[in-house]
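The next block holds one structure in the form of structure tokens; read it before the comments.
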Amino acid sequence: MPIQLFNTLKRIKEDFVPIDPERVRMYVCGPTVYDFAHIGNARPVVAFDILYRLLRETYGVDHVIYARNITDVDDKIIARAAESGEKIGDLTQRTELAFLDDMGSLGAMVPDIQPRATEHIAGMVTMIADLIKSGHAYVAEDHVLFNVSSYDDYGHLSGRNRDEMIAGARVEIAPYKQDPADFVLWKPSAEDQPGWDSPWGRGRPGWHIECSAMSEKHLGRTFDIHGGGQDLIFPHHENEVAQSTCAHGGETFVNYWLHNGYVMVEGEKMSKSLGNFYTVHDLLDEFPGEAIRLALLKTHYRKPLDFTKGGLQNAKMDLDKLYRALKETPAQSSAPSNKVMEALKDDLNTPLAMTYMFELAQGGGARDQLLASGKLLGILQHDPEDWFKGKASGDDGGLSDTDIDDLIEKRKQARVDKDFALSDSLRDELQNQGIILEDGAQGTTWRRS
RNA sequence: GGCGCGGUGGCGGAGUGGCUACGCAGCGGCCUGCAAAGCCGUGUACACCGGUUCAACUCCGGUCCGCGCCUCCA
């Protein structure tokens with residue numbers, strides 16, 4: 001079966017046919033680096049990580065190029081730095097490192113290219129100049145604005161027409177706009193704001209232009225896949241399409257647009273005012289990154305996801321079950337399960353893929369495919385021993401291994417003496433410390449709960 | 001108000017016009033000194049109301065509920 005993907009552009013699932021199978025190219029909107037990534041930021045990272053892995057498996061690891069941008073110039077960054085007094089460069093660098101660190105904990109592979117907006121200003125300026133030259137943009141009061149009415153297909157991606165947009169606008173329209181739907185490509189910077197010299201004075205780019213300039217530079221004028229959160233469809237991606245298409249004389253910008261669904265937390269929508277957003281950084285103190293990853297993958301990427309700590313516990317138990325199977329039957333090197341592959345090829349159906357993972361774990365001869373299939377999903381790559389002892393997630397505080405072994409030894413003697421009261425109290429003591437004992441044929445083993 | 005997405009058993013969550021996934025929890029059993037883990041068995045759910053059909057959870061229409069976006073806010 002070919003890979004099928006739901007294309008937002010057409011609102012249908014369709015076969016994925018790359019422009020060049022030797023060079024499959026995808027671009028995903030990355031973070032604005034002013035704060036720790038929350039679970040809503042993590043979802044697209046994990047979802048498109050699955051796609052990246054699937055494409056590499058299908059077309060070969062050297063034939064896929066994955067770019068994810070770092071937005072390091074933005075008004076929120078400016079505002080945050082002003083609040084805290086931290087230098088902008090320090091804030092963005094620190095946040096970017098934290099982001100990579102957190103996403104790494106979630107088992108997300110590092111994209112091939114991670115372009116920073118501030119390192120691509122020249123490309124943006126060139127693109128803006130081209131847009132002005134071709135009549136798709138104009139200068140007004142030190143701003144450069146994109147002229148929406150110059151692009152007939154505006155609104156196609158998000159499925160709206162301009163009348164609707166104007167009717168629904170609830171934001172004050174800047175007086176210098178020729179058309180209320182026009183959006184900013186370049187804006188002036190005050191003395192204390194980051195800015196770059198340009199033909200239109202010292203300023204900084206608008207939000208959307210960076211993705212257009214950076215994708216062009218690294219992936220070309222037309223590429224295969226562009227991904228991001230559903231909330232980016234409008235205006236961000238709509239505007240990207242308009243800019244890039246117009247800057248490229250009408251050439252197609254992207255063939256497949258993919259969008260992941262939104263995230264809720266504990267049954268409520270995530271919002272800063274409710275203070276109910278979980279940062280990945282905080283969650284990692286409580287749960288293994290792999291459990292967070294699985295909690296995200298247990299829901300299909302296009303569906304709404306209610307992220308809960310209960311769900312995380314559950315994901316951890318799922319992993320316990322799979323790791324247990326790996327421990328019992330160490331996997332040989334093998335290809336991923338065909339069923340898991342097929343599930344992923346069907347628009348990244350990770351929940352269905354998990355069903356097959358449990359099937360593989362269910363004894364039988366197919367268990368050796370578990371490890372290779374897990375790799376495709378970005379799970380199960382730790383040593384099972386480390387997983388159960390908490391070493392895979394750095395959660396190995398409290399009792400030391402020797403402490404535990406000593407207590408187990410004591411309990412063993414008690415059991416030989418048939419002093420079950422003592423034996424059970426030792427086990428309870430360990431359990432209170434989060435250590436669960438399992439008496440097997442080969443003696444007693446332990447794991448962290 | 002406009003556009004879009006979703007509502008499946010106690011929970012999570014796939015899928016299909018007719019043959020009742022899967023995981024967790026629960027219950028019963030085997031095993032165990034007792035547990036834990038494992039194994040076996042067990043649960044006829046698909047928001048509501050109409051319609052189409054021999055047959056709908058699955059198709060169509062409407063209603064209700066939840067959520068996202070509606071331009072400088074990622």
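Letters A, B, ... mirror the listed sequences (proteins, then strands); counts begin at 1. Values below: all heavy atoms of this structure, side chains included; hydrogens, waters and symmetry mates excluded.
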Taking the nucleotide of RNA chain B with the nearest heavy atom to each, does Asp318(A) or Gly206(A) sit closer to the 5' end?
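Counting from the 5' end, the first nearest nucleotide belongs to Asp318(A).
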On RNA chain B, does the nearest nucleotide to Trp207(A) precede the nearest nucleotide to Met264(A) from the 5' side, or the other way round? Give the residue.
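Its nearest nucleotide being more 5', the pick is Met264(A).
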Sugar-phosphate, base or nothing in reach of [X], heavy atoms under 4.0 Å:
{"X": "His208(A)", "value": "nothing"}
{"X": "Lys76(A)", "value": "sugar-phosphate"}
{"X": "Leu437(A)", "value": "base"}
{"X": "Arg204(A)", "value": "nothing"}
{"X": "Glu438(A)", "value": "base"}

If I pick the [atom1] atom on [M] and the same atom on [N], what distance separates them, to the nearest angstrom?
{"N": "rG12(B)", "M": "rC3(B)", "atom1": "C1'", "answer": "30 Å"}
{"N": "rC59(B)", "M": "rC24(B)", "atom1": "P", "answer": "30 Å"}
{"N": "rG1(B)", "M": "rG10(B)", "atom1": "C1'", "answer": "39 Å"}
{"N": "rG17(B)", "M": "rC22(B)", "atom1": "C1'", "answer": "22 Å"}
{"N": "rG23(B)", "M": "rC34(B)", "atom1": "P", "answer": "27 Å"}

Considering only NZ, NE, NH1 and NH2 on the basic side and carboxylate oxygens on the acidic side, decide whether Lys391(A) and Asp383(A) come within less than 4.0 Å.
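Here Lys391(A) does not pair with Asp383(A) in a salt bridge, since their nearest N and O are not under 4.0 Å apart.
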Salt bridge Asp406(A)-Lys410(A), side-chain N to carboxylate O under 4.0 Å
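Answer for the salt bridge query: no.
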[N], OP1 or OP2 - any side-chain N/O from [X] closer than 4.0 Å?
{"X": "Thr299(A)", "N": "rG13(B)", "result": "yes"}
{"X": "Lys321(A)", "N": "rC24(B)", "result": "yes"}
{"X": "Gln362(A)", "N": "rC40(B)", "result": "yes"}

[N] base / [X] side chain donor-acceptor hit below 3.5 Å:
{"X": "Arg427(A)", "N": "rC34(B)", "value": "yes"}
{"X": "Arg324(A)", "N": "rA37(B)", "value": "no"}
{"X": "Thr308(A)", "N": "rG12(B)", "value": "no"}
{"X": "Asn349(A)", "N": "rG15(B)", "value": "no"}
{"X": "Thr355(A)", "N": "rA21(B)", "value": "yes"}
{"X": "Asp439(A)", "N": "rC34(B)", "value": "yes"}
{"X": "Tyr356(A)", "N": "rC22(B)", "value": "no"}

Spacing between [X] atom [atom1] and [N] atom [atom2], to the nearest angstrom:
{"X": "Lys309(A)", "N": "rG12(B)", "atom1": "NZ", "atom2": "C1'", "answer": "18 Å"}
{"X": "Asp306(A)", "N": "rC67(B)", "atom1": "CG", "atom2": "P", "answer": "11 Å"}
{"X": "Glu238(A)", "N": "rG4(B)", "atom1": "CD", "atom2": "P", "answer": "14 Å"}
{"X": "Arg11(A)", "N": "rC3(B)", "atom1": "CZ", "atom2": "P", "answer": "13 Å"}
{"X": "Leu319(A)", "N": "rC24(B)", "atom1": "CG", "atom2": "P", "answer": "12 Å"}
{"X": "Glu266(A)", "N": "rC67(B)", "atom1": "CD", "atom2": "P", "answer": "15 Å"}
{"X": "Phe358(A)", "N": "rA25(B)", "atom1": "CZ", "atom2": "C1'", "answer": "14 Å"}
{"X": "Tyr301(A)", "N": "rC5(B)", "atom1": "OH", "atom2": "C1'", "answer": "13 Å"}

What nucleotide among [options] has an atom nearest to a side-chain atom of [X]?
{"X": "Lys298(A)", "options": "rU71(B), rC22(B), rG12(B)", "value": "rG12(B)"}
{"X": "Phe183(A)", "options": "rG33(B), rC5(B), rU71(B)", "value": "rU71(B)"}
{"X": "Val184(A)", "options": "rA74(B), rG66(B), rC72(B)", "value": "rC72(B)"}
{"X": "Leu232(A)", "options": "rG23(B), rA74(B), rG33(B)", "value": "rA74(B)"}
{"X": "Ala181(A)", "options": "rC22(B), rU71(B), rC5(B)", "value": "rU71(B)"}
{"X": "Asp74(A)", "options": "rA74(B), rC5(B), rC34(B)", "value": "rA74(B)"}
{"X": "Lys303(A)", "options": "rG13(B), rA14(B), rC73(B)", "value": "rA14(B)"}
{"X": "Asp231(A)", "options": "rC34(B), rC69(B), rC72(B)", "value": "rC69(B)"}
{"X": "Leu352(A)", "options": "rC22(B), rA14(B), rA74(B)", "value": "rA14(B)"}
{"X": "Arg447(A)", "options": "rC73(B), rA37(B), rC34(B)", "value": "rA37(B)"}

Quiz: residues 421-436 of chain A side-chain donor-acceptor pairs under 3.5 angstrom, not counting sequence neighbours:
from, atom 1, to, atom 2, distance (Å)
Ser425(A), OG, Leu422(A), O, 3.0
Asn432(A), ND2, Asp428(A), O, 3.4

Stems formed with participation of RNA chain B [Watson-Crick or G-U wobble, under 3.5 Å, three or more pairs]:
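Counting only runs of 3 or more consecutive pairs, the stems involving RNA chain B are B:1-7 with B:64-70, B:10-12 with B:22-24, B:26-30 with B:38-42, B:47-51 with B:59-63.
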If we ignore hydrogens and angles and just use 3.5 Å, is the side chain of Asn41(A) paired with the main-chain N or O of His38(A) as donor and acceptor?
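Pair found, side chain donor or acceptor close to backbone of His38(A).
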Under 3.5 Å side-chain donor-acceptor pair for [X] and [Y]:
{"X": "Ser244(A)", "Y": "Glu216(A)", "result": "no"}
{"X": "Asp142(A)", "Y": "Trp186(A)", "result": "no"}
{"X": "Asp417(A)", "Y": "Gln413(A)", "result": "yes"}
{"X": "Glu14(A)", "Y": "Tyr256(A)", "result": "no"}

Whether Phe420(A) stacks on the six-membered ring of rG33(B) base, 5.5 Å and 30° limits:
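Yes; by the centre-distance and plane-angle rule, Phe420(A) counts as stacking on rG33(B).
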Using 0.5 Å steps for rounding, measure from the CG atom of Leu377(A) to the CD atom of Glu290(A).
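Here the interatomic distance stands at 10.5 Å.
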Looking at Asp75(A), Ile121(A), Asp74(A), which one forms a side-chain contact (heavy atoms from CB on, under 4.5 Å) with Arg204(A)?
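The option that passes is Asp75(A).
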Pairs under 3.5 Å (N/O, protein and nucleotides 27-31 of chain B):
none

Which pairs pass ring-ring contact (aromatic ring centres under 6.0 Å, His included) with one or both residues in residues 291-311 of chain A, sequence neighbours excluded?
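Output for this query is empty, none listed.
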Contacts of type side chain to side chain contact (heavy atoms under 4.5 Å, CB included), residue Gln381(A), not counting sequence neighbours:
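Per chain and number, Gln381(A) pairs via side chain to side chain contact (heavy atoms under 4.5 Å, CB included) with Leu371(A), Lys375(A).
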Partners meeting side chain to side chain contact (heavy atoms under 4.5 Å, CB included) with Pro115(A) (sequence neighbours left out):
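Checked Pro115(A) against side chain to side chain contact (heavy atoms under 4.5 Å, CB included); matches are Asn69(A), Ile113(A), His120(A), Met214(A), His218(A).
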